[in-house]
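Following: one structure in structure tokens, then a few remarks.
Just the heavy atoms: all of them, side chains too, but no hydrogens, waters or symmetry mates, feed the values below. Every value quoted in this text rests on a predicted model; they were computed, and no experiment measured them.
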2 protein chains.
Amino acid sequence: MKTKQDTLYVGSLAKGLRLLRAFDEGHTELSLAELAQRTGLDKSATQRLANTLHVEGMLDKNSVTRRFRPSHAWLQMAYAYYWSDPLIGQAMPKLISLSQDLGETVNLAEISGDHIIYVSRLPCKRTYFAATIIGRRLPALSTSAGRSMLATFPEEERQKAIETWPIIPFTPSTTLDRAQIASSIKESARDGYAISTGQMILNEIGVASPIIGHDGRAFAAVQCSVSAHTWTRERIVADILPKLQDTANAISPAFHAHHAGWD
Amino acid sequence: MKTKQDTLYVGSLAKGLRLLRAFDEGHTELSLAELAQRTGLDKSATQRLANTLHVEGMLDKNSVTRRFRPSHAWLQMAYAYYWSDPLIGQAMPKLISLSQDLGETVNLAEISGDHIIYVSRLPCKRTYFAATIIGRRLPALSTSAGRSMLATFPEEERQKAIETWPIIPFTPSTTLDRAQIASSIKESARDGYAISTGQMILNEIGVASPIIGHDGRAFAAVQCSVSAHTWTRERIVADILPKLQDTANAISPAFHAHHAGWD
DNA sequence: ATTATAAGTATCATAATATGATACGTCAAC
DNA sequence: GTTGACGTATCATATTATGATACTTATAAT
């Protein structure tokens, strides 16, 4: 087995991380054999690595079924993340106010490669489970948050993203036509916000307003998800959007100092 | 250097995890040197491990300051955790209803060794930052959630916990006297809920109602934090507690099937 | 009941891989 | 201009991870 860049790359650590990544929404509890299969590591390696992760408190082990599960340590990592991300501390109180004010679900999303990731979620209504938990990554092109951010990027970069970033048909109404997405983003660049309908789940409307960094590029967005059964595009623009934008604009200025050089 | 249990323990992986754990609320961004210092690993090892974590996307690196930060992957781990914990899916919609109903901050806490950990938080009011984010661990004896859970434990075990579990004076009014805590827990065992005041932060009152597992032991609690400026103990018991208990009781039954053998 | 299959656990000789000492480059402070 | 602190790169050595093998349980099939 060849190493990636030899001497300053520790293979065993990387393999251990493979085990951690084997757990996701479809794989919540894994046996040793499943773990081996999913990681492509052999039985012995899996055994040792899983045991190490267990001993170190990263994996819980059911003593009767012998299966592994993410431990509470996985939540502590989110805790550490929150402190390390300067945006969160700035945004949180404002997001709380906003969600109370609107009475609708408010999210904070950041750009993460060609995806967006929800870093904070304040659910106000019953929704599907995945919409209530943080850390969810979605293709940027299919989300209002992603489009609102992309709209602030330099023309060339934006073009490239629209052409190459991934799109996954989550619902029958997910927009697969990139030209259509391009025009949606163009609108967003003009208006300063983005609205999307039924991209991730049917009858869901998302509105997003970008949070702009020191260089004029958005790196995050405040987003609001509402039901198409109770809201129309017009009422969203009239009732939700102004407050949403106020919030996003109130967060942005704090970052003309911060931020620089993070990849 | 001796190994912990030799052949099924991978030292390099454990060391890598040490690096991850070096990040916390007081250490949000670490240089190579700081990382080495905090982990006790030498310069070379730190270099290699940090580089591996960077390459594998677990650490972001600021190309100008050369410092490391937790990456978005840390949030994805929370995402995976949420799916794997069967409690969350059951509890989330009920917690949302409760927080909307009460208009006050609602938390879901689980027992984690001698601490409690907040696994879900629905902030409704502005509070201090740490109270808004998940993954926070607090000494069980000093929290309403911890006490309400402990109250459901068998006498002997409860006794032992009260004598040995850690207490940290977070505020001047944190109860340090274990006898006092014992009587608080005794009350809780009688009443089925726990109230604490000013344990973690001044002028904060916490109420908690336990979520009981198949064996009669609580493993989680629904908790509500309110300000002592606007609430009295009496009004909490009258207005908040009933709904809190309803919620906790509605969640419990779902677990008389689940759960068994997890350490 | 008996056998077969699969999964978890434990051991061990081998060599591959992590180790940390060393040296070089860069930047800031003095 | 010198010093020191820090990040980076290289390399010979042996420590440490490897994976084949065998043992032990559990579950399913005959």
Seminar exercise, completed: Rounded to whole Å, the CG-P distance (A/N62 to D/dA26) equals 14 Å
Seminar exercise, completed: Between OH of A/Y9 and P of D/dA9 the distance, given in whole Å, is 17 Å
Exercise. Thinking salt bridges, do A/R67 and A/E34 make one under a 4.0 Å N-O criterion?
Worked result: yes
Seminar exercise, completed: Checking D/dT8, D/dT21, C/dT22 against the side chain of B/K61 (C-beta onward), the nearest is D/dT8
Problem set entry | Integer-rounded Å distance: D/dC6 C1' and B/L35 CG | 13 Å
For this session: Using whole Å, report how far CZ of B/R67 lies from C1' of D/dG7.
Result: 13 Å
Problem set entry | Polar side-chain atom of B/T46 near backbone of B/L35 as donor-acceptor pair, under 3.5 Å | no
Problem set entry | Rounded distance in Å - CD (B/E34) to P (D/dC6) | 8 Å
Exercise. Rounded to whole angstrom units, what separation is found between the CZ atom of A/R18 and the P atom of D/dA17?
Worked result: 17 Å
Problem set entry | Candidate nucleotides C/dG20, C/dT9, D/dG19, ranked by approach to the side chain of B/D42 - the nearest | C/dG20
Exercise. Can you find a donor-acceptor N/O pair under 3.5 angstrom joining the side chain of A/K43 to the base of D/dG19?
Worked result: no
Exercise. More 5' along DNA chain C: A/F68 or B/A45, using each one's nearest nucleotide?
Worked result: A/F68
Problem set entry | Check: C/dA21 base within 3.5 Å donor-acceptor of B/S44 side chain | yes
For this session: Measure from NZ or CZ of B/R48 to the centre of the six-membered ring of A/Y9, then state whether that distance is under 6.0 Å and the direction lies within 45° of the axis.
Result: no
Exercise. For the pair made of CG in A/N51 and C1' in C/dT11, what is the distance, rounded to whole Å?
Worked result: 14 Å
Problem set entry | Side chain of A/R48 - closest among D/dT18, C/dA21, D/dC6 | D/dT18
Exercise. Between A/L13 and A/L32, which is nearer to the 5' end of DNA chain C once each is assigned its nearest nucleotide?
Worked result: A/L32
Problem set entry | Atom pair distance, as rounded to whole Å: CG in A/L8 and C1' in C/dT22 | 16 Å
Distance-only check: which donor-acceptor pairs under 3.5 Å involve side-chain atoms of residues 76-89 of chain A, not counting sequence neighbours?
unit_1: A/Y79; atom_1: OH; unit_2: A/W83; atom_2: NE1; d: 3.3
unit_1: A/Y79; atom_1: OH; unit_2: B/E25; atom_2: OE1; d: 3.0
unit_1: A/Y81; atom_1: OH; unit_2: A/D85; atom_2: OD2; d: 2.7
unit_1: A/Y81; atom_1: OH; unit_2: A/E110; atom_2: OE1; d: 3.3
unit_1: A/Y81; atom_1: OH; unit_2: B/H72; atom_2: NE2; d: 3.2
unit_1: A/Y82; atom_1: OH; unit_2: A/V119; atom_2: O; d: 2.6
unit_1: A/S84; atom_1: OG; unit_2: A/Y81; atom_2: O; d: 2.9
unit_1: A/D85; atom_1: OD1; unit_2: A/L87; atom_2: N; d: 2.9

Exercise. Does A/R66 have a side-chain nitrogen or oxygen under 4.0 Å from the phosphate oxygens OP1 or OP2 of C/dT9?
Worked result: yes
Exercise. If you find the nucleotide of DNA chain D closest to A/Q47 and the one closest to A/S12, which residue's nucleotide is nearer the 5' end?
Worked result: A/S12
For this session: Without swapping roles, check the side chain of A/S12 against the backbone of B/L13 for a donor-acceptor pair under 3.5 Å.
Result: no
